[in-house]
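Remember, it's a predicted structure, so these values are computed and weren't measured experimentally. Letters go in sequence order (proteins before strands), and every chain restarts at 1.
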Protein chains: 2
Amino acid sequence: MYFCIVKLEQAIQSNKFKNEMHKASLNILYTAWWLKTQMSKVLKEFGLTHEQYNVMRILKGKYPEQMCVKDISCRMIEKSSNVPRIIDRLVLKKLVKRADSPTDKRETVITLTQAGIAVLAASTESVNQLMEQMVQIETQEAQELNRLLERMRGTEV
Amino acid sequence: MYFCIVKLEQAIQSNKFKNEMHKASLNILYTAWWLKTQMSKVLKEFGLTHEQYNVMRILKGKYPEQMCVKDISCRMIEKSSNVPRIIDRLVLKKLVKRADSPTDKRETVITLTQAGIAVLAASTESVNQLMEQMVQIETQEAQELNRLLERMRGTEV
DNA sequence: ATTAAATACATGTATATACACTTAAATAAT
DNA sequence: ATTATTTAAGTGTATATACATGTATTTAAT
């Protein structure tokens with residue numbers, strides 16, 4: 001049982017921020033890293049990486065429908081992920097299966113296997129448990145966080 | 001000139017969130033990816049990756065003092081970054097120089113070169129410019145965002 | 001003083017990211 | 001109908017991440 005580093009200043013050993021906005025950017029990057037690291041620890045017990053888990057969750061969202069690679073890609077959190085190769089590894093572990101599309105010969109269609117569904121269910125339970133004990137902010141605070149993040153991204157570029 | 005995707009639901013083509021907390025986690029991960037992607041576009045013009053830039057900024061914080069690899073590592077946003085190899089690439093580009101430590105033979109000490117300082121200054125200006133036009137939230141909102149992120153991480157595990 | 005433990009860094013491997021390029025197939029244009 | 005364009009997926013390369021291991025050196029313990 002330990003306390004994680006709360007303050008960004010401690011985490012990156014710096015307090016030289018240009019302004020609150022700059023600090024917020026670094027805070028978001030650090031928090032994302034922290035979230036991924038915590039989750040990866042749990043997923044590792046199931047032999048999964050964060051990205052493999054993400055692909056499986058996306059497939060679950062449409063199950064038992066099949067999904068083509070493009071449809072998975074556009075739902076990924078990190079858009080530049082190389083989905084074909086993530087699928088390669090899931091196929092090797094027999095957690096998903098890949099087949100040629102009947103309607104479009106360019107496409108391949110992917111589905112979870114029964115093993116995949118089982119592993120996903122078990123790992124999701126562990127991840128949810130972790131999240132509940134790790135992150136204890138109120139619903140209202142989470143809402144405000146969502147509002148601010150979307151406001152942050154919502155600017156003309 | 002285009003508008004970026006504001007809503008998480010659009011960005012990842014899903015509205016199936018367990019709760020606001022779950023949505024906030026995904027929102028943080030997506031926003032971090034978005035920030036890194038935008039910044040990387042700018043840094044690419046200077047031949048830098050996001051991580052190489054981070055190492056150079058850390059070195060700048062102590063300049064003209066030299067820093068050992070460990071001191072750089074513990075200041076990285078992503079703690080699991082492999083700093084020796086990031087430095088390898090910066091050395092090849094002659095943006096930093098590496099020398100044996102006079103006090104501890106296990107250590108190597110790193111400093112920015114004059115070229116490194118110039119490239120860092122120019123790229124930082126571009127990054128700041130991008131940030132200013134990209135992210136237009138109020139100081140007060142940024143403060144609230146910082147508070148919420150640190151509250152989110154500030155839980156016993 | 002010698003040995004044991006800890007530390008700093010480097011190296012190795014698997015996976016992921018970022019992005020350019022290739023190939024085959026589908027769609028649009030003529 | 002033929003050609004051109006676009007699209008879907010896969011491949012290749014450089015870099016980064018995550019983590020285990022190796023090696024030299026320093027510090028602590030005896």
A/Ser81 side chain vs A/Val83 backbone, donor-acceptor pair below 3.5 Å =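 Judged by distance alone, no pair lies under 3.5 Å.
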inquiry  = Treating A/Lys93 as the side-chain partner and A/Gly116 as the backbone partner, does any N or O pair qualify as donor plus acceptor under 3.5 Å?
reply    = no
ask   = If you look at every strand shown and take non-hydrogen atoms under 4.0 Å, does A/Asp104 touch a base, only sugar-phosphate, or nothing?
value =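 Sugar-phosphate: the residue A/Asp104, judged by heavy atoms under 4.0 Å, touches backbone atoms but no base.
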For atom [atom1] of [X] and atom [atom2] of [N], their distance in whole Å:
{"X": "B/His50", "N": "D/dA16", "atom1": "NE2", "atom2": "P", "result": "12 Å"}
{"X": "A/Trp33", "N": "D/dC19", "atom1": "CH2", "atom2": "P", "result": "9 Å"}
{"X": "A/Gln52", "N": "C/dT17", "atom1": "CD", "atom2": "P", "result": "10 Å"}
{"X": "B/Asp88", "N": "D/dT17", "atom1": "CG", "atom2": "C1'", "result": "15 Å"}
{"X": "B/Lys70", "N": "D/dA24", "atom1": "NZ", "atom2": "C1'", "result": "17 Å"}
{"X": "B/Asp100", "N": "C/dC9", "atom1": "CG", "atom2": "C1'", "result": "11 Å"}

inquiry  = Between B/Arg147 and A/Glu141 (salt bridge meaning N to carboxylate O under 4.0 Å), is one present in this structure?
reply    =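 Salt bridge between B/Arg147 and A/Glu141, a charged N being under 4.0 Å from a carboxylate O: yes.
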Please determine whether a side-chain nitrogen or oxygen atom of [X] lies at a distance below 4.0 Å from atom OP1 or OP2 of [N].
{"X": "A/Ser101", "N": "D/dA8", "value": "no"}
{"X": "B/Ser81", "N": "D/dA16", "value": "no"}
{"X": "A/Lys44", "N": "D/dA20", "value": "yes"}
{"X": "A/Arg98", "N": "D/dG10", "value": "yes"}
{"X": "A/Thr49", "N": "C/dT15", "value": "no"}

ask   = For A/Arg106 and A/Val83, take the nucleotide of DNA chain D holding the closest heavy atom to each; which residue's nucleotide lies nearer the 5' end?
value = A/Arg106
message = Quick check: on DNA chain D, is the nucleotide nearest B/Glu78 upstream (toward 5') of the one nearest A/Asp71, or the reverse? Name the residue that is more 5'.
response =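 That would be A/Asp71.
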B/Pro64 to B/Thr111 - nearest heavy-atom pair and separation =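 What the structure gives for the nearest pair is O-CG2, 3.8 Å.
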